[in-house]
Amino acid sequence: MINRREALKTTIVAGAACATLAPLHTAVAQAAAPAPGPFSLPPLPYPMDALEPHIDARTMEIHHDKHHAAYVNNLNKAIAGKPELAGKSVEELLKSLSTLPDDVRTAVRNQGGGHANHTLFWQMMKKSGGGEPKDVLAKAINDSFGGFGGFKTKFTEAATKVFGSGWAWLVVDEAGKLVVESTPNQDSPLSAGKLPLLGLDVWEHAYYLKFQNRRADYIEAWFNVVNWDFVGERMASAK
Ligand code: MN3
């Protein structure tokens with residue numbers, strides 16, 4: 001029986017996409033046995049195939065069980081031996097990057113960011129999601145972007161223009177304003193004093209199996225699974 005890594009390799013080779021084999025393969029290989037520590041991988045809030053046909057089950061499985069697990073593992077490894085950090089939430093750590101010891105700052109930014117971003121990402125999607133936001137959130141989006149269409153265009157543009165790996169975000173900024181932005185790598189808006197309401201992972205690992213290089217198609221498909229109720233609750237919590 002072949003394991004997941006071999007299966008992935010086979011899939012990618014069969015897809016004649018050898019050029020991307022190295023980074024994806026390496027990233028998957030990083031997910032090892034869980035390292036002990038205060039942070040743990042939250043279960044997906046729905047079955048692996050809940051977001052089909054828009055986001056495929058195989059991608060969800062690798063993305064959650066391997067990639068997100070690796071961020072959690074590496075975060076635990078990074079703060080091992082630092083009990084003063086182990087009692088803090090990942091959000092607290094990300095909000096105070098500049099005050100962290102030099103030897104863990106980059107790891108918290110990357111691995112902690114990866115853990116926090118993905119924990120949100122799973123909740124920002126749901127089966128039979130999509131459509132448009134309602135109530136207070138709808139009004140806020142209308143006021144800020146001239147309507148849902150204006151928001152979608154701006155968010156899609158931000159997600160499309162991320163060079164390399166990163167995220168597109170709808171955030172509440174320090175002035176309480178709704179803003180669309182992007183961050184590179186696993187940088188969290190929390191580290192810039194903003195509250196992420198909605199985020200889209202545009203790392204290739206989030207879409208390559210189903211969409212290959214067609215990031216635009218992935219972005220369009222993803223809008224069909226957005227959990228606007230969750231986004232609305234996040235905004236309400238900001239006040
Ligand atoms: Mn990801």
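Whatever order the structure lists ligands and atoms in, that order sets their numbers, starting from 1. Keep in mind the model is a prediction, meaning the values are calculated, not measured.
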Show the atom names and distances, to 0.1 Å, of all donor-acceptor pairs under 3.5 Å that link a side chain in residues 145-158 to residues at least two apart or in another chain.
{"from": "K152", "atom 1": "NZ", "to": "E220", "atom 2": "OE2", "distance (Å)": "3.2"}
{"from": "T153", "atom 1": "OG1", "to": "G149", "atom 2": "O", "distance (Å)": "2.9"}
{"from": "T156", "atom 1": "OG1", "to": "K152", "atom 2": "O", "distance (Å)": "2.7"}

Check: Would you find a donor on one side and an acceptor on the other, under 3.5 Å apart, between the side chain of N224 and the backbone of G130?
Finding: no
Check: What's within reach of the Mn ion (ligand 1), meaning protein N/O/S atoms under 2.8 Å?
Finding: H63 NE2, H118 NE2, D201 OD2, H205 NE2
Next item on the list: Grab the two heavy atoms, one from L170 and one from L178, that are nearest each other, plus how far apart they are.
Entry: CD1-CB, 4.2 Å
Notebook entry, point to check: For K177, which residues count as a salt bridge (Lys or Arg N to Asp or Glu O under 4.0 Å) partner, sequence neighbours excluded?
Noted result: none
Item checked: Set of residues satisfying salt bridge (Lys or Arg N to Asp or Glu O under 4.0 Å) with respect to K88, sequence neighbours excluded -> none
Check: Y218 pairs by ring pair (Phe, Tyr, Trp, His ring centres under 6.0 Å) with which of Y208, F223, Y207?
Finding: Y207
